[in-house]
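What follows is a short report on a single structure.
Every number for a ligand or one of its atoms is a count from 1 in the order of the listing. All values reported here derive from a predicted model rather than from experimental measurement.
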Amino acid sequence: MNDNESSRLREIAHNLGERVKELNCLYGITRLVERGNPSLDTIMQGVVDLIPPAWQYPEVTCACIRLKDGRYKTAGFKTTRWKQMEDIIVNEAVAGTLEVYYLKDMPASDEGPFLKEERNLIHVVAERLGRIIEHRLAESRLESLYVEEKQLRERVQAEMQRRIDFTRNLIHELKTPLTSLMATSQLLYEEETNRKLGKLARYVWEGANSLNTRIDELHDVIKGEIGKLKLEVKPIDLADLLTSVVNETQALAGQHDVVLRLQIAGPLPPVRADAARVRQVVLNLLNNAFKYAAEGGRVDIRGTARRNFVKVEVRDQGPGIALSEQERLFEPGYQVAHHAEAVAGLGIGLALCKLLVELHGGKIWVKSQPGKGSSFFFTLPAEAGGVVPS
Ligand code: ADP
């Protein structure tokens, strides 16, 4: 090997050594960030300490990171005129600088005494610092958002509990006098021999009963909305249930001058349901149908078996409901404007039906055309493996 070749080899080895130092510096930064969960201060100080060994003359190199909230320096740091500097960019704005200094004059190279590879390295390290800071900022923002969200959730829960307690007390306050009003008016109506007074007592009794039902419905809607409405399900025969509700309500239909007809389309499979709650749904739909059916009109109720559910339809020949109203019909408190004037109500009957049907795993919907009456449908899932009776 001649002199030329051996000095070329030495140069290559030297350059390789420099690249290894740079790689060590970058690898050191990665380890620093990934080991445990170091504070930003620890990372910044660690990075600044990794700089001198990566430069060509470590013994005369010092470095510093300047940020808005802190300064991190190598031991014996001093500013000199042999300086290399790079901005640290965080979220697209300059957040600080990374500076490297030689403590004394060194042989001239690509950029003063510094190598072009050192320019690349300071650039890469400053960029890495920017990403680390951005990541930390995002993490602490996330943490404070989490704390805020937790506090908000706790406040909402406390407020909900306060309202639940208030409603429970209110319902109790309303029902206590109402219960005795119902009992005494019923007694009066049954015992009163004077026909006129007996009739008045019956009005009071019916009014008190209807108020009692409304309060119960309101209570159920509130319980349903907070997930506290529970069902007692068992296999029930829907055809039996519909028949008994229809028999019970024939008199009421008569009072409205409406003909009520039940049709069971073929045998129905048993459904898993809370019979009292399904009754409540059917009664609500029938009551509405009676209210709106034209005098002398018809109300039809029909039960049909489908593949794995049973469908019930309550149809009237009343004024119908505009398409624009249909979407909101099942919301608590929603009332069709021009009906509300004619018929007093709170707009909770259908909301309760929806709650109850959906609690059973069924669906409820309406099909209606103004002037052509309305059909309310609901489904209940058939009991798993339930057999359609032959
Ligand atoms: P409420 O509890 O006040 O009776 P509902 O929740 O039962 O109210 O009904 C909501 C709205 O839908 C009411 O404004 C009512 O007028 C209207 N509605 C319900 N059933 C019918 C029907 N069969 N025909 C026409 N309008 C109806």
Can you find a non-hydrogen atom of [X] under 4.0 Å from ligand 1?
X      : answer
Phe330 : no
Glu217 : no
Gly347 : yes
Lys291 : yes

Let me see the working for Gln161 and Ile164 under side-chain contact (heavy atoms from CB on, under 4.5 Å), right down to the final yes or no.
CA-CA 5 Å; Gln161 192 55 48; Ile164 291 168; 4.3 Å; yes
Looking only at heavy atoms, is any part of Gln326 under 4.0 Å from ligand 1, and if so is it the side chain, the backbone, or both, or is it neither?
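Gln326 to ligand 1: no contact under 4.0 Å from either part.
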Is it the side chain (CB and beyond), the backbone, both or neither of Asp316 that lies under 4.0 Å from ligand 1, heavy atoms counted?
side chain
Between Gln326 and Ser368, is the side-chain contact (heavy atoms from CB on, under 4.5 Å) condition met? List the steps.
CA-CA 8 Å; Gln326 289 176 21; Ser368 180; 3.6 Å; yes
Thr176 side chain to Glu173 main-chain N or O, any donor-acceptor pair under 3.5 Å?
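The answer is no, because no donor-acceptor pair under 3.5 Å joins these two groups.
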Suppose I only count heavy atoms of [X] and a 4.0 Å limit; which atoms of ligand 1 are within that range?
X      : answer
Asn288 : 4 (O), 7 (O), 19 (C), 20 (N)
Tyr334 : 10 (C), 11 (C)
Ile321 : 25 (C), 26 (N), 27 (C)
Val336 : 11 (C), 12 (O), 13 (C), 14 (O), 17 (C)
Leu350 : 5 (P), 6 (O), 7 (O), 9 (O), 10 (C), 12 (O), 19 (C)
Phe376 : 20 (N), 21 (C), 22 (C), 23 (N)
Ser374 : 24 (N)

Side-chain heavy atoms of Phe77 within contact of Val48, under 4.5 Å
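No, their side chains stay 4.5 Å or more apart.
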Cluster check Leu67, Leu32: I/L/V/M/F/W/Y, side chain < 4.5 angstrom:
yes
Same apolar cluster (I L V M F W Y, side chains within < 4.5 Å links), Val258/Val246
yes
Roughly how far, to the nearest 0.5 Å, is the CG atom of Leu286 from the CG atom of Asp316?
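So the CG of Asp316 and the CG of Leu286 are separated by 10.0 Å.
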What about Ile348: any of its N or O atoms under 3.5 Å from an N or O on ligand 1?
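So ligand 1 has an N or O lying under 3.5 Å from an N or O of Ile348.
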Assess Lys78 against Tyr101: is NZ or CZ under 6.0 Å from the centre of the six-membered ring, and within 45 degrees of the ring's axis?
no
Checking side-chain contact (heavy atoms from CB on, under 4.5 Å) for the pair Val125/Cys25: CA distance, chi angles, key distance, verdict?
CA-CA 9 Å; Val125 173; Cys25 171; 4.2 Å; yes
